[in-house]
*Asks:* 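Okay, handing you the structure first.
None of these values were measured; they are calculated from a predicted model. Letters go in sequence order (proteins before strands), and every chain restarts at 1.
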Protein chains: 2
Amino acid sequence: MKAKLGRCSLLQALSSKGFRLTSQRRALIETIQEADDHLDAASLLRAARQRKADINRATVYRTLELLKRLGLINELDLMHLEGEKHYYEARARRDHLHLACYKCGAIMEYTTRTLERLKDEIARHNQFQVGVIRLEVGGWCKHCRPRSGTIRGSSMAPGCGLH
Amino acid sequence: MKAKLGRCSLLQALSSKGFRLTSQRRALIETIQEADDHLDAASLLRAARQRKADINRATVYRTLELLKRLGLINELDLMHLEGEKHYYEARARRDHLHLACYKCGAIMEYTTRTLERLKDEIARHNQFQVGVIRLEVGGWCKHCRPRSGTIRGSSMAPGCGLH
DNA sequence: GTATTTGCAAAAGCTTTGCTGCAAC
DNA sequence: GTTGCAGCAAAGCTTTTGCAAATAC
């Protein structure tokens, strides 16, 4: 179960910026905020329809675009483990990174101060104002590691054909 | 001009693993290695055709898939600044991150020890064998920052409609 | 000579768009 | 009553696939 704390209140944020709160948007936002997993557009539509039956695919995409533009949700690729869909999550108070296992497909989240330090460093060294930071790691989780023991420091994918 | 040093020799790596060196693959690989920018599949095809006229789109995608699987190139999304295409770069000796400016579209690379430290930390704390790490940052470059001075530590995108 | 790889063309998958009518404020 | 937003259906774009012919080794 995904933690529900530390989330922005999307509904509140939307209306305070003058956007209409349609019943469709409510259903979509509630679905996103209460989701256990990262949802792609199709899954979100399916889940949101249990709250409000008549939601259209176009509305899903338009709402996601809006929330993304407002910085209220994050868009993830999750290393394209399965196709080119995008995944979404309500933006948490702290940035975190996503680990994707090439073998079993598990997605893990990891929060660390180092990421915040890195963000500050990026801003300072490049005079760059950071809006969104997306850090995704592909590899092998502890259950799927090719062999136990060594974790290589190298950046090269170990061997071929392993994905 | 992008630095040409610190690259893997893709041709050599391919043949040493027993893959055939077709003229199409040669043309594609040479194009990738000498590219000044990050190339998407269509641009790569266009550029490679100047070396070898008859290359097909399917071959491009199949070759990219192969090189990616072998860990010889990185696949980037560059924060989806323009559509959903993917971008590719020959894998460098050191990992680096990509900064994408929402306003002018500039892509900058930044290499830092902190990224390597972060990678080690990820591996240690999650017992995760890192294959590929992809870190992309969306924001505003020094020429496009909304206002000078403050660089906010917050992760929220500043204001709405700015992308 | 044989197995791998290519070209071709069609399809698949996800996302976007134009337009009409509905609904939030 | 306005104006923004949703629904519908069609199109758009990138990427993938099946199969026969070509090519690297």
*Asks:* Calculate the interatomic distance between B:K85 atom NZ and D:dT14 atom P; express it in whole Å.
*Replies:* 6 Å

*Asks:* In whole angstrom, what separates A:R69's CZ from C:dT15's C1'?
*Replies:* 17 Å

*Asks:* Reckon A:H86 has a side-chain N or O less than 4.0 Å from the OP1 or OP2 of C:dC14?
*Replies:* no

*Asks:* Distance check needed: D:dT14 C1' versus B:R46 CZ, whole Å only.
*Replies:* 14 Å

*Asks:* Does the protein touch nucleotides 2-12 of chain C at the base, only the backbone, or not at all? Give it as B, S and - per nucleotide, heavy atoms under 4.0 Å.
*Replies:* -BBSBBB----

*Asks:* Rounded to whole angstrom units, what separation is found between the CD atom of B:E75 and the C1' atom of D:dT14?
*Replies:* 12 Å

*Asks:* Both B:E65 and B:R26 contact DNA chain D. Which one's nearest nucleotide lies toward the 5' end?
*Replies:* B:E65

*Asks:* Under 4.5 Å between side-chain heavy atoms, hopping through other hydrophobics if needed: is there a path connecting B:F19 to B:L11?
*Replies:* yes

*Asks:* Output the distance between atom SG (B:C101) and atom CZ (B:R145), rounded to the nearest 0.5 Å.
*Replies:* 10.5 Å

*Asks:* Students often get this wrong, so: under 4.0 angstrom with heavy atoms, is B:A41 touching a base, only sugar-phosphate, or nothing?
*Replies:* sugar-phosphate

*Asks:* To the nearest Å, how far apart are A:D77 CG and D:dT14 C1'?
*Replies:* 14 Å

*Asks:* Using whole Å, report how far CG of A:L45 lies from P of C:dT15.
*Replies:* 12 Å

*Asks:* State yes or no: are the ring centers of A:W140 and A:Y102 separated by less than 6.0 Å?
*Replies:* yes

*Asks:* Between B:D54 and B:R49, does at least one N-O distance fall below 4.0 Å, as a salt bridge requires?
*Replies:* no

*Asks:* Does a nitrogen or oxygen in the side chain of A:Y61 sit under 4.0 Å from OP1 or OP2 of C:dT16?
*Replies:* no

*Asks:* Decide whether B:N56 and B:T59 meet the rule of one side-chain donor and one side-chain acceptor closer than 3.5 Å.
*Replies:* no

*Asks:* Using whole Å, report how far NZ of A:K17 lies from P of C:dC25.
*Replies:* 18 Å

*Asks:* Assess whether a salt bridge exists between A:E121 and A:R124, defined as any Lys/Arg side-chain N lying under 4.0 Å from an Asp/Glu carboxylate O.
*Replies:* no

*Asks:* Quick one: B:L14 CG to D:dA24 P, roughly how many Å, whole number?
*Replies:* 15 Å

*Asks:* Could you measure the distance from the CG atom of A:L97 to the CD1 atom of B:I122? Nearest 0.5 Å is fine.
*Replies:* 4.5 Å

